[in-house]
2 protein chains.
Amino acid sequence: MPELIQPVKAQSVKEPIKEQPVKTKKQVVSEFRQAEIITAARKVFAEKGYIAATVDEIAALAALAKGTIYVYFESKEQIYNAVLENDLDTLRDLTLENIASAQTAREKIAAYVNTRFKYCEERRDFFRIMHIEPSGSPVLSKARARGWLVEPVRQLTSAIENAIAEKQIGHWPAETLAWTVVDLTSGALQRRLSATPTTTARQDADFLIKFINAALSSTAS
Amino acid sequence: MPELIQPVKAQSVKEPIKEQPVKTKKQVVSEFRQAEIITAARKVFAEKGYIAATVDEIAALAALAKGTIYVYFESKEQIYNAVLENDLDTLRDLTLENIASAQTAREKIAAYVNTRFKYCEERRDFFRIMHIEPSGSPVLSKARARGWLVEPVRQLTSAIENAIAEKQIGHWPAETLAWTVVDLTSGALQRRLSATPTTTARQDADFLIKFINAALSSTAS
DNA sequence: TTGTTTATTGACTGCTCAGTCATTTTTGCA
DNA sequence: TGCAAAAATGACTGAGCAGTCAATAAACAA
């Protein structure tokens, strides 16, 4: 009877002397399987949404029996969490890094837009889940998804506030403006995801950045 | 065994002489029940999404037995269609009217934003369904929802093109700009729907309009 | 190779839910 | 008031699906 392997579990008592930080073979295999399952699940969830996706379908796509899935995950919900947690963390870190390393408020905004567009191109299925998931899904409510945006928005807001103080841009309500950047970006991405786009991602991103910059130069009357 | 009453059905052969356009009592009652069911269904769908909503729940909220629901509608999907069709048509007509009666491109854009905000305040549940529904739902795919926007966007696009030709606004790609107005609006509305907003709808709408106008005055470099 | 442990399997269970239909209740007419 | 037609009902059916587990296969050690 195989147990669920915890990703970062302390070494068991059976092997008290061996290297602690090194993964056991068991763990390596386990992580490999989990990754396989997550990959399959990401595709299925992106296509069907959480509720309509079935574990049988995920298992079929991963070329595993359903029972095997439940060796590595406790529930459908946990699979879903694993799928998102991973990409969500990466995306947030990437976004924050890129915002941080940009200098001016304008550049930080551009960094936000560009990071999202780039990551969206790379991980279409992940973005599809993000932008498509209904409120009823137990895990990623729209509200919770927004939570992941709070930190980037905070960064943008304070950069905008500084820029206003230094008269680099017009006098706008900073936080609302930051959320507007977010809305603009996800709107454009959503549009790219739902139809086959006639423009390149670069073109779309550049347009947005230009558009925002144009507005920034003016002042809220 | 009561039959499904078709909303706009030609008079049956039984009553060949009577007034054709006047509704029979049967029809009036039927429409009343349908409206009751639609109202209940709108609330449930808005809360749960199409898949998670159950017909039993809709019936309970409408204070009817499930069987009664199926006297007036053929399927869960048909209920869903009826819920949306209704509001979707109204919203589109309202939007187009208001755009048409505005003069300049700027005013037309403001008309679009204001109409959406106003209707959203009035019909929260409807907007919740619109903005929340997953791709897997059989009826309102994001793509199809976007279809309802095509006509308004067309109107805005041509207004923008004219305004550019007459140098009232900067030189922007007209259709992309129109879609941007749409994105901005639905983004802001979605934000209002998912958290209790700290600002009034008027404030949000005014901000958007000012923001767009500020950008319009410039030119895409 | 054989025996033991570990991983995999898929048939099975219990539950939820859309849709049905025989029965009961209401309506409206004589 | 009594009676027939229409409307409403809710117990029931069948399908689909998350999660289980006894049986089987693979991996590995001696």
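Computed over heavy atoms, backbone and side chain alike; hydrogens, waters and symmetry mates excluded. In what follows, chains are A, B, ... by sequence order, proteins preceding strands, each numbered from 1.
By the ring pair (Phe, Tyr, Trp, His ring centres under 6.0 Å) test, A:Phe117 pairs with no residue at all, sequence neighbours left out. Under the rule for a salt bridge (Lys or Arg N to Asp or Glu O under 4.0 Å), the partners of A:Glu36 that lie at least two apart in sequence or sit in another chain are A:Arg33. Listed by chain and residue number, B:Asp204 satisfy the side-chain hydrogen bond (donor to acceptor under 3.5 Å, both in side chains) test with B:Thr199 (two or more places apart in sequence, or in another chain). For B:Arg116, there are no salt bridge (Lys or Arg N to Asp or Glu O under 4.0 Å) partners two or more places apart in sequence or in a different chain. Checked against salt bridge (Lys or Arg N to Asp or Glu O under 4.0 Å), B:Glu57 has the following partners two or more places apart in sequence or in another chain: B:Lys48.
Within the 4.0 angstrom heavy-atom criterion, only backbone atoms of the sugar-phosphate kind lie near A:Ala53; the bases stay farther away.
Atoms CG (A:Asp56) and C1' (D:dA15) sit 14 Å apart, rounded to a whole Å. Look at CD1 on A:Ile58: it is 12 Å from P on D:dC17, rounded to the nearest Å. With rounding to whole Å, A:Glu57 atom CD is found 10 Å from D:dA18 atom P. Between the CD1 atom of B:Ile51 and the P atom of C:dT16 there is a distance of 18 Å, rounded to whole Å. The interatomic distance linking B:Lys76 (NZ) with C:dT20 (P) rounds to 15 Å, in whole Å. Distance OH (A:Tyr70) to C1' (C:dT8): 16 Å, rounded to an integer number of Å. A:Phe73 has its CZ atom 15 Å from the P atom of D:dA18, to the nearest Å. The distance between atom CZ of A:Arg33 and atom P of D:dA26, rounded to the nearest whole Å, is 13 Å.
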Can you name the atoms? Protein N/O to nucleotides 9-13 of chain D N/O, anything below 3.5 Å, with the distance.
from	atom 1	to	atom 2	distance (Å)
D:dT9	OP2	B:Ala65	N	3.0
D:dT9	OP2	B:Thr68	OG1	2.7
D:dG10	N7	B:Gly67	N	3.4

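Between A:Tyr72 and the phosphate of C:dT8, there is a side-chain N or O to OP1/OP2 separation shorter than 4.0 Å.
Ion pairing between A:Arg42 and A:Asp125 fails under the 4.0 Å rule for side-chain N and carboxylate O.
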